[in-house]
Each structure stands twice: as structure tokens, then as C-alpha cells.
Amino acid sequence: MKNIITIQHTQSEQHVNGMIGSWTDWELTGAGREQAENIGKKLSAEIKGQSWKIYSSDLSRARQTAEPLARYMKTPVEYREKLREHNMGEAVGKSKQWVKENALPVNSFDGRLFPSAESWRKFWERVSDLCAEIVADEAENIILVSHGGTLAVLQGVWLGSDVRDCKFGPPGGVSFMGITENGEHVIRRLNDISYKEK
């Protein structure tokens with residue numbers, strides 16, 4: 001039996017400033033910091049008494065979401081580049097309007113919006129590799145703090161889907177996944193936003 005909790009980072013600067021997220025290293029807004037604190041307090045109280053391993057994307061908005069939880073749980077965080085959002089290459093640091101005006105046409109999962117961007121298939125493969133590492137991890141209870149696109153793909157990979165388009169969950173959404181005693185991959189609760197509220 002393995003339990004995985006995923007947390008999408010809370011409100012960050014790109015949610016309010018018209019810029020893209022991707023690998024741009026945005027920080028949380030004041031509201032996002034409060035939401036992260038609420039998640040840390042509520043979730044740690046719910047899962048206390050169990051031993052958990054915490055992994056987070058190394059980008060600031062994910063780190064800042066993970067920190068309150070780690071503090072409440074008195075558990076260190078291991079930061080992983082594989083948990084980063086979809087790499088948009090030349091669009092990193094640019095506005096959503098710039099992306100709209102400059103993106104290349106993409107007709108398949110192997111196409112790239114920009115020359116140095118990850119194709120959707122490469123992104124899917126990166127997350128698939130991460131998923132395999134999670135399954136192989138000796139820890140029975142794992143928390144992953146990451147980004148909307150990354151977690152949407154992870155949920156698809158977890159359920160055995162082939163590469164496909166995904167809809168992102170809401171900022172601060174908490175999901176509960178697991179592997180049953182029969183080896184079945186399940187999602188028990190998806191994108192619960194109640195944890196980020198006071």
C-alpha cells in the first residue's frame with residue numbers, strides 16, 4: 001500500500017500579473033502565502049502520526065507552498081527539478097500576450113511552441129519517469145508539491161493514460177492518490193481546494 005498526496009502551489013505572481021509560469025521563478029503572492037500556511041496547518045493535522053516524505057519542485061512558488069507543511073510536520077523537503085512545470089523555452093519570463101503573438105503552430109504532441117521548449121511528449125515522458133521513481137521509492141507515504149501542468153500529467157500517467165492533453169487543477173488543490181494492495185493505481189480525491197481556505 002502506498003499513499004501519495006499532491007499539492008498544486010497556491011496563488012503566485014503569474015496568476016495576477018499577466019505573465020506565464022513555466023520555468024520563470026515566480027514567488028507566491030501574499031494571498032498565496034496565506035493559502036500555503038492554511039494547507040500546511042490543516043493537512044499536517046489530518047495526517048499526523050504517520051511518517052511522510054516530502055518532495056517539491058525547486059521553483060520558488062512550489063518551495064514556498066511546501067515550507068509551511070514541512071514546518072508543521074517537522075519533515076525536511078527534497079527539491080526536484082523533475083517536478084517543475086512544462087518548460088516553455090524562449091517564453092520563460094515573457095507575458096501571456098507575447099506567447100500568443102510568437103508561439104509556433106503545433107500540430108502534434110511532438111511539436112514545440114518555441115525552439116527550446118519541451119514538446120508535450122517530452123514533458124509527459126519526464127513526468128512518467130518521475131512517476132516510476134515514486135512507485136519505486138521505499139517510502140509508503142509521499143507528498144509532492146508541484147505545478148498545475150505537472151500534476152495534471154501525473155494524474156494521467158498514474159491512471160495509465162497515454163500522452164494526451166490535460167486540464168489543469170486549481171491553485172492550492174490537494175489530491176490523494178495511492179496504490180492498493182492489489183497493485184491498482186487509484187485517485188481517491190482530486191483537487192480539493194478546501195485546505196487552502198481558513
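Atoms considered below: every heavy atom in the structure, side chains included; atoms not considered: hydrogens, waters and symmetry mates.
- Between D58 and R80, none of the side-chain N atoms (NZ, or NE/NH1/NH2) sits under 4.0 Å from a carboxylate O, so this pair counts as no salt bridge.
- Among residue pairs with one or both ends in residues 86-105, those qualifying as ring pair (Phe, Tyr, Trp, His ring centres under 6.0 Å) are H86-W120, H86-F123, W98-F114; sequence neighbours excluded.
- The CD atom of E85 lies 4.0 Å from the OG1 atom of T150; values are rounded to the nearest 0.5 Å.
- Closest approach of R126 to E81, counting heavy atoms only: NH1-O, 3.8 Å.
- Contacts of E125 classified as side chain to side chain donor-acceptor pair (under 3.5 Å), with partners at least two apart in sequence or in another chain: none.
- Not counting sequence neighbours, W26 has no partner by the side chain to side chain donor-acceptor pair (under 3.5 Å) test.
- No option in K198, R71, K42, E67 other than R71 meets the side-chain contact (heavy atoms from CB on, under 4.5 Å) test with E37.
- Note on R189 versus E46: salt bridge recorded, some NZ/NE/NH1/NH2 to OD/OE distance being below 4.0 Å.
- Not counting sequence neighbours, the partners of V135 by the side-chain contact (heavy atoms from CB on, under 4.5 Å) test are W158, I179, H185.
- Q11 and T29 share a donor-acceptor pair across their side chains, judged by distance under 3.5 Å alone.
- Donor-acceptor pairing under 3.5 Å is lacking for the side chains of Q97 and S95.
- Looking only at atom types and distance, the side chain of E90 has a donor-acceptor partner in the side chain of S116 under 3.5 Å away.
- Between E27 and R33, at least one side-chain nitrogen of the basic residue sits less than 4.0 Å from a carboxylate oxygen of the acidic one, meeting the salt-bridge criterion.
- Nearest heavy-atom pair, S56 versus L83, reported as atom, atom and distance to 0.1 Å: C-CD1, 3.6 Å.
- A heavy-atom distance below 4.5 Å is found between the side chains of L104 and P115.
- Here the straight-line distance linking atom CZ of R112 with atom CG of N87 works out to 9.5 Å at 0.5 Å rounding.
- Between M73 and I54 the shortest heavy-atom distance is SD-CD1, 4.2 Å.
- Taking OG1 of T65 as the start and CD1 of I39 as the end, the distance is 6.5 Å to the nearest 0.5 Å.
- Across all their heavy atoms, S12 and R61 have their closest contact at OG-CD, 3.4 Å.
- Counting heavy atoms from C-beta outward, L113 and V99 have side chains that stay 4.5 Å or more apart.
- Follow the hydrophobic side-chain contacts under 4.5 Å out from L154 and you reach F168 in the same cluster.
- If you chain together hydrophobic residues whose side chains sit under 4.5 Å apart, W124 and M177 fall into the same group.
- Considering only heavy atoms from C-beta on, I7 comes within 4.5 Å of I143 through its side chain.
- Cluster membership for I134 and V186, using ILVMFWY side-chain heavy atoms within less than 4.5 angstrom, is not shared.
- At most 12 non-hydrogen atoms from other residues, nucleotides or ligands lie less than 6.0 angstrom from NZ of K41.
- Within the structure, ring pair (Phe, Tyr, Trp, His ring centres under 6.0 Å) pairs that include any residue of residues 132-154 comprise H9-H147 (at least two apart or interchain).
- For the ring pair (Phe, Tyr, Trp, His ring centres under 6.0 Å) condition, no pair includes a residue of residues 46-70, sequence neighbours left out.
- Of the N and O atoms on the side chains of N182 and T180, not one donor lies less than 3.5 Å from an acceptor on the other residue.
- For the atom pair L144 CG and S57 OG, the distance stands at 11.0 Å (nearest 0.5 Å).
- Note that CG of N191 is 4.0 Å distant from OG of S175, once rounded to the nearest 0.5 Å.
- The cluster map of Ile, Leu, Val, Met, Phe, Trp and Tyr, joined by side-chain heavy atoms under 4.5 Å apart, puts V153 and M88 in different clusters.
- Pairing each heavy atom of A66 with each of V145, the nearest pair is CB-CG2, 3.8 Å.
- Residues Y72 and S44 share a closest heavy-atom pair of CB-OG, 3.4 Å.
- If you check the side chains of S119 and D110, you find no donor sitting under 3.5 Å from an acceptor.
- Atoms SG and CD1, from C131 and I4 in turn, are 8.0 Å apart once rounded to the nearest 0.5 Å.
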